[in-house]
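Below is one structure, written out as structure tokens, with a few remarks after it.
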Amino acid sequence: MFYHYLVPELGPDTVFTADAAKPVAELREALALGHTARPVLVGPVTYLLLAKPAPGVDPGFEPLTLLERLLPVYAEVLAALRAAGAEWAQLDEPALVQDHGGAVLEAAAHAYRELGSLAARPKILVAAYFDRLGEALPVLAEAPIEGLGLDFTGSAAANLDDLARVGGLPGKRLVAGVVDGRNVWIADLERSLSTLATLLGLAGRVDVAASCSLLHVPLDTALEHGVDPQVGRWLAFARQKVAEIVTLARGLAEGTGAIAGQLAANRADLASRAASALTHDPAVRARAAAVTTRDTRRPQPYGERAAAQRARLDLPPLPTTTIGSFPQTAELRAARADLRAGRIDRVTYDERIAAEIRSILVFQERAGIDVLVHGEPERNDMVQYFAERLNGYLATQHGWVQSYGTRYVRPPILAGDVSRPEPMTLRWTTYAQSQTERPVKGMLTGPVTMLAWSFVRDDQPQAETARQVALALRDEVADLVAAGAAVIQVDEPALRETLPLRAADRAAYLAWAGEAFRLATSGVRADTQIHTHMCYAEFGEILAAIDDLDADVISLEAARSHMQAARELAEAGYPREVGPGVYDIHSPRVPGVAEMASLLRKALDGIPAGRLWVNPDCGLKTRGWLETRVSLDNLVAAAREVRAEATGANG
């Protein structure tokens, strides 16, 4: 659910300076309230591994070479925290759970030898989470630090065996993340206690903890009055997870007899979930089991499809489109709130949505956009909207989590087998198409993103869950095709985000992710054009998987990266159509015609005009109307300018 973030941009001349004012002030505030606090900082190795070369710096520059320059700054901050009363400081090194060669491991060893040897510092706890620490575990186990925080949930459960192999952490503190901090299901307390009991023999001291920060989950299930009470007992938000940690700590210290009541209730709740009709739908499972390879491949080769689509759509070279959403104004959000509160009826609300769609279509036609969208004014969120219309999902009222910056979302909870009781997008898509002669894209969220931006069930493989979601989307695609849709976009912005951190796990993930996308989209006619969209990711690692999606058109972020994605696709010989974004929608800045035209010319260096689309980087939901109008006018003008150049050169 966290897919947009800013990273440091560094170069050989970067100078680091220490400013401990914020963590020191926060520590003093906590101490004044009577709390024992452990300040948390991103670790120096992760800070540099997440950084990238600054603009104008050689792309081959390695930020990790700045480690020696950075460590004195950490030393100053640690000294300031110690002087302010910190007994412990936590340095988060999640980047170390990825595959790394000797240079990174040597950097980690050096960093913690240096920081561990400081005289003026708090005790240091290094925390790594989201997967097994692997090759970095013996490095940190041998470092002169006082503690290590490890994740023991999901794939990171392998940390238990790895820790035994390196001889444990004698004399050191182990913060054992046995409660899943990234998902909302109750812990299996007896299983967690078994893990903790084993860990007691592997460290000088064992503390019970969540696997990671609890900012990934909502605050409190007690606020969810609309959830069935029995279902609510399957869920643990942040406050419930803290209670689980307290229960486990007591059981570890005093024995299971001290928590016998909690263990019995936990067993009953786990059994209730396993036996629930919400969790298991035999019809859904039978349909998923019957899927064959034939269901996951379009029968026509791409060349045949492309010719049929060109004949049907009759688009110019460098056709223009947008990604899907248009600005979600305060008035639209107010209308949804009024409908929920009963202040307006459904008829009034639908009239408001229809008027917004007509307005969006009129603007696009006047601007000269070739393939239109209806703008999605009826949708609250690209995942939540569909989840609220699918069996197997639960919606929350107060389950907010931070997405990026100041934007928060309410991820739905994928609790059981998934099916589609009725069409989800057909009404407004067909209404929009009835208002214009130009093609209007059907807009759907893909199966991988539906999983990635939900709290997904943890009681079956994600491949199986993705197949169920894909079948529900396949039904929606079929309805859109039957209604005459010529273009359908199935967005998968989370495909790269969900890539496993360990290389050994990636092939299996990409296989089921690609299958799910193709299952959702492969039942269409040759002249139906399938688009997909991805944004703000490094695509180089998954180019083969992108090709395997077999989408007719892919649109992706390229403005901020100066067409890097377009270059990578061209170098890989990507054979289908591409829409590299020329407008960075995560900034209020309005790009000019010349700037967008320049980006298009860069794209044409690798992608021929007959396969190049022109579009923004992402949806326009978060933008204001004024900047949107001007930016899209400029986008169309840039497309026309470069189109004239390209067709003139070709002619």
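The structure presented is a predicted model; accordingly, all values stated were derived computationally and were not measured.
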For Gln462 and Trp512, which I'm curious about, is there any donor-acceptor pair between the side chains at under 3.5 Å?
no
Donor-acceptor under 3.5 Å (Gln98 side chain, Leu501 main chain)
no
How far does OH of Tyr385 sit from CG of Asn380, to the nearest 0.5 angstrom?
8.5 Å
Enter the distance from Leu27:CG to His35:NE2 here, rounded to the nearest 0.5 Å.
12.0 Å
For Lys621, is there an ion pair with Glu376 - N to carboxylate O distance below 4.0 angstrom?
no
Using only atom types and a distance under 3.5 Å, with no angle test, would you say the side chain of Glu571 pairs donor to acceptor with the backbone of Gly606?
no
Minimum heavy-atom distance Ile546-Arg576, with the two atoms named:
O-NH2, 4.5 Å
Can you run down the salt bridge (Lys or Arg N to Asp or Glu O under 4.0 Å) pairs that involve residues 41-58, sequence neighbours left out, and say none if there aren't any?
Glu9-Lys52
State, to 0.1 Å, how close Val77 and Ala18 come at their nearest heavy-atom pair, and which atoms those are.
CG2-CB, 4.2 Å
Is the CD atom of Glu29 crowded by more than 12 outside heavy atoms at less than 6.0 Å?
no
Between the main-chain N or O of Met534 and the side-chain N or O of Glu557, is there a donor-acceptor pair closer than 3.5 Å?
no
Could you state the interatomic distance from CG (Leu91) to CG (Leu78), rounded to the nearest 0.5 Å?
6.0 Å
Sub-4.5 Å side-chain heavy-atom contact between Val217 and Phe455:
yes
Is a side-chain N or O of Thr532 found less than 3.5 angstrom from the main chain of Val490, in a donor-acceptor match?
yes
ring-ring contact (aromatic ring centres under 6.0 Å, His included) partners of residues 104-127, not counting sequence neighbours, each pair once
none
Decide if atom CG of Leu626 counts as having more than 12 heavy atoms of other residues, nucleotides or ligands within a radius under 6.0 Å.
no
Quick one, Leu137 with Leu148, criterion side-chain contact (heavy atoms from CB on, under 4.5 Å). Give me CA distance, side-chain angles, the key distance, then yes/no.
CA-CA 9 Å; Leu137 179 55; Leu148 192 58; 3.7 Å; yes
Asn615 versus Leu635, closest heavy-atom pair with distance
C-CD1, 3.7 Å
Can you list the steps and then say if Cys212 with Asp151 is a side-chain contact (heavy atoms from CB on, under 4.5 Å)?
CA-CA 7 Å; Cys212 60; Asp151 184 348; 5.8 Å; no
Between Asp505 (side chain) and Pro500 (backbone), is there a donor-acceptor pair under 3.5 Å?
no
Are His531 and Val487 close enough, and set up right, to give a side-chain contact (heavy atoms from CB on, under 4.5 Å), and what steps lead you there?
CA-CA 7 Å; His531 289 226; Val487 183; 3.4 Å; yes
Applied to residues 591-614, the salt bridge (Lys or Arg N to Asp or Glu O under 4.0 Å) test, sequence neighbours excluded, yields Arg589-Glu595, Arg601-Glu641, Arg601-Glu645
Say whether, by atom type as modelled, one donor and one acceptor occur between the side chain of Arg623 and the main chain of Ile585 under 3.5 angstrom.
yes
Please determine whether side-chain contact (heavy atoms from CB on, under 4.5 Å) holds for the pair Leu81 and Val24, giving the CA-CA distance in whole Å, both sets of side-chain angles, and the decisive distance to 0.1 Å.
CA-CA 6 Å; Leu81 290 171; Val24 165; 4.0 Å; yes
Check: Gly11 main-chain N/O paired with Thr14 side-chain donor or acceptor under 3.5 Å:
yes
Arg410 to Tyr408 six-membered ring, cation-pi geometry met (6.0 Å, 45°):
no
Look up atom CG in Leu67 and atom CG in Leu64, then write down how far apart they are to the nearest 0.5 Å.
6.0 Å
Measuring only between side-chain heavy atoms, which start at C-beta, is Val642 closer than 4.5 Å to Val614?
no
Hey, could you give me the OG1/CG distance between Thr628 and Leu620, rounded to the nearest 0.5 Å?
5.0 Å
Any sub-3.5 Å donor-acceptor pair from Ser631's side-chain atoms to Val590's backbone N or O?
no
Tell me, do Leu66 and Tyr47 make a side-chain contact under 4.5 Å, heavy atoms counted?
no
Would you call Leu556 and Leu569 a side-chain contact if the rule is heavy atoms closer than 4.5 Å?
yes
Donor-acceptor under 3.5 Å (Arg567 side chain, His562 main chain)
yes
Give me each pair satisfying salt bridge (Lys or Arg N to Asp or Glu O under 4.0 Å) with a member in residues 106-127, each pair once, sequence neighbours excluded.
Glu87-Lys123, Arg121-Glu146
Considering only heavy atoms from C-beta outward, does the side chain of Val401 approach that of Leu215 to under 4.5 Å?
no
Quick one: does Leu510's side chain get under 4.5 Å of Leu499's, heavy atoms only?
yes
Over all heavy atoms of both residues, which pair between Ala558 and Asp617 is shortest? Give the atoms and the distance, please.
N-OD1, 3.0 Å
Taking all non-hydrogen atoms of both residues, which atom of Pro122 and which atom of Trp88 are closest, and how far apart?
CB-C, 3.8 Å
Do Trp453 and Pro411 have side chains that approach each other closer than 4.5 Å (heavy atoms only, starting at C-beta)?
no
Which of Ile323, Thr321, Val371 passes side-chain contact (heavy atoms from CB on, under 4.5 Å) with Gln489? It is Ile323
For Val593 against Ala637, the heavy-atom pair lying closest together
CG2-CB, 3.9 Å
Residues that Arg643 engages under salt bridge (charged side-chain N to carboxylate O under 4.0 Å, His left out), provided they are two or more places apart
Asp370
Hey, does Asp491 have a side-chain heavy atom less than 4.5 Å from the side chain of Met443?
yes
N/O donor to acceptor pairs below 3.5 angstrom from side-chain atoms of residues 128-136, sequence neighbours left out:
unit_1, atom_1, unit_2, atom_2, d
Tyr129, OH, Asp92, OD2, 2.9
Asp131, OD1, Ser155, OG, 3.3
Arg132, NE, Asp162, OD2, 2.9
Arg132, NH2, Asp162, OD2, 3.0
Glu135, OE1, Arg502, NH1, 2.8
Glu135, OE1, Arg502, NH2, 3.4
Glu135, OE2, Arg502, NH1, 3.4

State whether the side chain of Lys172 and the backbone N or O of Ala141 hold a donor-acceptor pair below 3.5 Å, judged by distance alone.
yes
Rounded at 0.5 Å granularity, tell me how far CG in Leu41 sits from OG1 in Thr46.
12.0 Å
